[in-house]
**Student:** 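Let me give you the structure first, and then I'll get to my questions.
Every value quoted in this text rests on a predicted model; they were computed, and no experiment measured them. Counting from 1, the numbers follow the sequence of the chain as shown.
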Amino acid sequence: MYNAEPHSAIADGRIAAVIERLQATRRAPVRGNPMQSGSCDPHDYAEQGFSIHPEQGELIYLLCRGLRAKRVAEFATSVGMSTLYFAAAMRDNGGGTVIGSEIVSAKVATAKRNLADAGLADYAEIREGDARKTLRDLGGPLDFILIDGWPSDKGPTLARQVIEIVAPQLRVGGYVMNDNAEADFLEFVRDPKNGFVSITLPLKGGTELCLKVA
């Protein structure tokens, strides 16, 4: 019989408590959001976390466990919701690192506190600054990357710019998850010459999961 109650693959109560707290405080930002307020400056939302949903995090955790992932990355870290799932997988895989990138200093501090509260600080490295710089050298082949981009005023989206930077660092058999389905990101991963196959999952209104095959 189907059980409608959500079940987490993460059994650690300390991690679950931080995730539950972040979920409880998820709310519309005072100034709206970039799509409503007209401001695309991330510093205007320093106190507001824009994060993946737990079902996306659970999938990240399971895929990283299945890959025996040791080196993963994310853009952007925000307040650390996705970082918690990645870091939990790194710990449960016997060790590894999630490299995060976040441009807003206040969010870097919040994410680090959340990781410490969950007992996962040793499994995360959060790089403060522009992801187009901080993710250029990830120190070795990646197993997984989350690209949860930020809207751009013009030109290529940040998601497109970041995938072009990190794709060469992702190993064959590694995954990319994209949260916002930016058109030019999808154009990149759906072009066979770039070495990916991808599907759209019915999570958070549409989540693109991409596998590097060449």
Side-chain angles (χ1 to χ4, degrees), residues 2-10 16 18-42 44-45 47-64 72-86 88-89 98 100-104 107 111 114 131 144-163 166-167 174-191 194 196-212:
Y2 176 69
N3 183 0
E5 289 296 319
H7 171 74
S8 174
I10 300 174
V18 178
I19 291 171
E20 288 174 9
R21 172 165 54 78
L22 291 177
Q23 272 294 93
T25 58
R26 187 191 295 271
R27 62 186 184 277
V30 174
R31 298 184 184 182
N33 63 50
M35 305 306 293
Q36 296 171 343
S37 71
S39 172
C40 289
D41 184 347
D44 287 343
Y45 310 95
E47 297 181 359
Q48 174 63 36
F50 295 99
S51 302
I52 63 166
H53 287 185
E55 59 267 27
Q56 294 168 298
E58 295 286 347
L59 180 57
I60 285 171
Y61 176 83
L62 285 176
L63 289 173
C64 286
V72 299
E74 62 174 11
F75 159 67
T77 294
S78 189
V79 295
M81 174 72 94
S82 53
T83 327
L84 292 167
Y85 288 99
F86 275 123
V98 49
S101 181
E102 174 56 53
I103 201 168
V104 180
K107 289 185 177 181
N114 289 329
F144 199 117
I145 182 164
L146 170 68
I147 299 180
D148 185 3
W150 189 257
S152 303
D153 291 324
K154 56 184 178 181
T157 66
L158 286 172
R160 173 60 181 261
Q161 294 176 68
V162 169
I163 187 63
V166 300
Y175 287 97
V176 178
M177 181 181 287
N178 169 253
D179 185 45
N180 295 321
E182 293 90 341
D184 56 356
F185 172 91
L186 297 179
E187 178 184 44
F188 180 89
V189 296
R190 292 175 180 177
D191 185 338
N194 292 321
F196 289 91
V197 294
S198 73
I199 58 172
T200 304
L201 303 175
L203 301 175
K204 199 185 173 186
T207 297
E208 197 76 4
L209 183 64
C210 318
L211 172 67
K212 188 172 181 179

**Student:** For the atom pair OG (Ser51) and OH (Tyr85), what is the distance rounded to the nearest 0.5 Å?
**Tutor:**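 With rounding to 0.5 Å, OG (Ser51) is 10.0 Å from OH (Tyr85).
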
**Student:** Would you say the ring centers of Tyr61 and Phe86 fall short of 6.0 Å from each other?
**Tutor:**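 No, the ring of Tyr61 stays outside the 6.0 Å limit from the ring of Phe86, centre to centre.
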
**Student:** If you look at every heavy atom in Thr77 and Ala111, which pair is closest and at what distance?
**Tutor:**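 That would be CG2-CB, 3.8 Å.
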
**Student:** Checking the side chain of Asn178 only, and the main-chain atoms of Ile147 only, is there a donor and an acceptor separated by less than 3.5 Å?
**Tutor:** yes

**Student:** Quick one: which of Val18, Ile19, Asp148 gives a side-chain contact (heavy atoms from CB on, under 4.5 Å) with Met81?
**Tutor:**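 Of Val18, Ile19, Asp148, side-chain contact (heavy atoms from CB on, under 4.5 Å) with Met81 is met by Ile19 alone.
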
**Student:** For Ser198 and Val189, work out which heavy atoms get closest and say how close.
**Tutor:** OG-CG2, 4.1 Å

**Student:** Report the distance from atom NE2 of His53 to atom NZ of Lys204, rounding to the nearest 0.5 Å.
**Tutor:** 4.5 Å

**Student:** Who passes side chain to side chain contact (heavy atoms under 4.5 Å, CB included) against Gln161, sequence neighbours left out?
**Tutor:** Arg132, Pro156, Leu158

**Student:** Salt bridge (Lys or Arg N to Asp or Glu O under 4.0 Å) with Glu187: which residues, sequence neighbours excluded?
**Tutor:**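 With sequence neighbours excluded, Glu187 shows a salt bridge (Lys or Arg N to Asp or Glu O under 4.0 Å) to Arg160, given in chain and number order.
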
**Student:** Once rounded to the nearest 0.5 Å, what's the spacing between atom CD1 of Ile52 and atom CD of Glu55?
**Tutor:**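 Answer for the CD1-CD pair, Ile52 versus Glu55, is 9.0 Å.
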
**Student:** Given 3.5 Å as the limit, does a donor-acceptor pair link the side chain of Ser78 with the main chain of Gly80, or not?
**Tutor:** no

**Student:** Keeping the roles fixed (side chain from Lys212, backbone from Ala167), state whether a donor-acceptor pair exists under 3.5 Å.
**Tutor:** yes

**Student:** With sequence neighbours left out, what residues match Phe75 under ring pair (Phe, Tyr, Trp, His ring centres under 6.0 Å)?
**Tutor:**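 Phe75 satisfies ring pair (Phe, Tyr, Trp, His ring centres under 6.0 Å) with no residue once adjacent residues are dropped.
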
**Student:** So among Val98, Val72, Val166, which one has a side-chain contact (heavy atoms from CB on, under 4.5 Å) with Ile145?
**Tutor:** Val166

**Student:** Looking at Phe196 and Cys210, what are the two nearest heavy atoms and their distance?
**Tutor:**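 Scanning both residues, the minimum pair turns out to be CD2-CB, 4.0 Å.
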
**Student:** Check Ala88 against Ile10 and note the closest heavy-atom contact, atom names and distance.
**Tutor:** CB-CD1, 4.0 Å

**Student:** Please report the shortest heavy-atom distance between Leu203 and Thr207, naming the atom on each side.
**Tutor:** O-OG1, 2.7 Å

**Student:** Would you say Ser101 and Glu74 are linked by a side-chain donor-acceptor pair, where the criterion is simply a distance under 3.5 Å?
**Tutor:** no

**Student:** If you look at every heavy atom in Ala9 and Glu58, which pair is closest and at what distance?
**Tutor:** N-OE1, 3.0 Å

**Student:** State which residues pass side chain to side chain contact (heavy atoms under 4.5 Å, CB included) with Ala16; sequence neighbours excluded, sorted by chain then number.
**Tutor:** Glu20

**Student:** Once rounded to the nearest 0.5 Å, what's the spacing between atom CG of Leu22 and atom CG of Asn114?
**Tutor:** 4.5 Å

**Student:** Checking Glu208 now: which residues fulfil salt bridge (Lys or Arg N to Asp or Glu O under 4.0 Å) with it, not counting sequence neighbours?
**Tutor:** Arg190

**Student:** Sequence neighbours left out, what passes side chain to side chain contact (heavy atoms under 4.5 Å, CB included) with Leu211? Give chain and number order.
**Tutor:** Tyr175, Val197, Val213

**Student:** Give the intermediate values and the outcome of side-chain contact (heavy atoms from CB on, under 4.5 Å) for residues Gln56 and Asp179.
**Tutor:** CA-CA 9 Å; Gln56 294 168 298; Asp179 185 45; 2.7 Å; yes

**Student:** State whether the side chain of Asp184 and the backbone N or O of Thr157 hold a donor-acceptor pair below 3.5 Å, judged by distance alone.
**Tutor:** yes

**Student:** Got a second to check how far Leu209's CG is from Leu59's CG, nearest 0.5 Å?
**Tutor:**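 The distance works out to 6.0 Å.
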
